[in-house]
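Hydrogens, waters and symmetry mates are skipped; everything else that's a heavy atom, side chains included, is used. Letters go in sequence order (proteins before strands), and every chain restarts at 1.
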Protein chains: 2
Amino acid sequence: MAIHYQDPLDHTFHALGDGTRRQMLTILAERGECTASELGQPFRAAQPTISKHIRVLERAGLVSRRVDGRLHRFRLNPDSMREAQDWIARQRRFWSATLDQLGEFLDNIPDRESG
Amino acid sequence: MAIHYQDPLDHTFHALGDGTRRQMLTILAERGECTASELGQPFRAAQPTISKHIRVLERAGLVSRRVDGRLHRFRLNPDSMREAQDWIARQRRFWSATLDQLGEFLDNIPDRESG
DNA sequence: CAACAATATAGCCAAATGGCTATACATTAT
DNA sequence: ATAATGTATAGCCATTTGGCTATATTGTTG
């Protein structure tokens with residue numbers, strides 16, 4: 001029964017649903033390529049725990065791994081994050097269209113598209 | 001062990017990590033306010049299952065509920081989704097800045113024509 | 001009031017998650 | 001060759017998740 005063809009977005013959003021992993025992505029975004037140790041250093045989790053988190057990010061396509069001797073170096077993979085962002089952006093476009101139809105919240109529209 | 005003060009983004013991204021829930025949000029975005037039944041109708045899940053999914057969306061702040069007699073009417077809550085999108089957007093801004101600074105991408109392009 | 005309709009809640013289950021310790025593996029250093 | 005370092009894997013555990021059935025709750029209707 002269980003063969004549940006997982007949408008890639010399932011993995012992406014799930015990976016983003018944990019604060020430790022989001023912080024790892026932030027570190028990668030700020031510093032560029034990092035090793036597994038560097039990614040884990042801010043947390044007081046055990047090393048295998050960090051390893052697991054990294055695997056989740058990797059499965060989600062959010063980071064890519066490059067093995068360099070005994071170091072595993074990671075960097076952000078922009079595509080995956082962009083797809084997540086695009087999904088939300090599409091929703092929000094629909095949503096604002098719906099709002100226009102209904103005439104609700106007209107004062108509340110926080111920002112415009114474009115960017 | 002640790003009381004883990006959940007970041008609101010944890011709930012938001014977790015809620016987005018399930019295809020059924022994402023589809024519910026799409027329905028809401030397309031049709032505007034919907035009842036619980038309308039949200040569940042496309043799926044062959046049991047009614048309590050739908051009810052649970054809706055609660056997850058609600059906990060995440062992605063939808064808001066308005067009880068109207070025996071009908072529960074839901075609509076999208078834009079703020080929550082926008083915060084998720086903003087988080088990603090910030091990451092992506094950092095990321096591209098990092099790329100610019102380090103120029104590391106150039107080193108790693110695996111094969112180029114000619115040299 | 002009784003019947004029906006829309007939802008929620010309780011309780012159960014299997015699978016996944018996030019954490020840990022202990023250990024294996026691979027690479028570098030002595 | 002041995003030791004030390006960086007990382008992964010194997011188990012184990014408690015909690016959460018997503019699904020179900022059965023039942024309760026609340027509102028509508030005859």
Query raised in the report: Can B:Arg82 and B:Asp86 be counted as an ion pair, charged N to O under 4.0 angstrom?
Result: yes
**Report entry** N or O in side chain of A:His72 less than 4.0 angstrom from D:dG6 OP1/OP2
**Finding:** no
Query raised in the report: Is the distance from OP1 or OP2 of D:dT17 to the nearest side-chain N or O of B:Arg59 less than 4.0 Å?
Result: yes
**Report entry** Shared hydrophobic cluster for B:Trp87 and B:Met81 (ILVMFWY, side-chain gaps under 4.5 Å)
**Finding:** yes
Report summary line: Whole-Å distance, B:Asp18 CG to D:dT16 P, equals 18 Å
**Report entry** Whole-Å distance separating the CZ atom of A:Arg55 from the C1' atom of C:dT17
**Finding:** 13 Å
Report summary line: Whole-Å distance, B:Arg21 CZ to D:dT17 P, equals 9 Å
Query - Residue met sooner reading DNA chain C from 5', once A:Gly17 and B:Glu58 are mapped to nucleotides - result: B:Glu58
Query raised in the report: Hey, are the side chains of B:Gln23 and B:Phe43 touching, using non-hydrogen atoms and a 4.5 Å cut-off?
Result: yes
Report summary line: Here the distance between atom P of D:dG6 and atom CD of A:Glu38, to the nearest Å, is 10 Å
**Report entry** Letter per nucleotide, 5' to 3', of nucleotides 20-30 of chain D [B base touched, S only sugar-phosphate touched, - untouched; heavy atoms, 4.0 Å]
**Finding:** BBB----BS--
Requested in this report: Side chain of B:His53 only, please: which of D:dG19, C:dT9, D:dG18 is the nearest?
Outcome: D:dG19
Query raised in the report: When the distance from CD1 of B:Ile54 to C1' of C:dA6 is rounded to whole Å, what number comes out?
Result: 11 Å
Requested in this report: Given side chain to side chain contact (heavy atoms under 4.5 Å, CB included), test A:Met24 with A:Phe74 step by step and report yes or no.
Outcome: CA-CA 10 Å; A:Met24 286 175 165; A:Phe74 300 90; over 6 Å; no
Report task. Round to a whole Å and report the spacing from NE2 of A:His11 to P of C:dA16. Result -> 11 Å
Requested in this report: Go through the steps to decide whether B:Ile88 and B:Phe13 satisfy the test side chain to side chain contact (heavy atoms under 4.5 Å, CB included), and finish with yes or no.
Outcome: CA-CA 11 Å; B:Ile88 299 180; B:Phe13 283 125; 4.1 Å; yes
Requested in this report: Not counting sequence neighbours, which residues clear side-chain hydrogen bond (donor to acceptor under 3.5 Å, both in side chains) with B:Thr26? List them please.
Outcome: A:Gln91
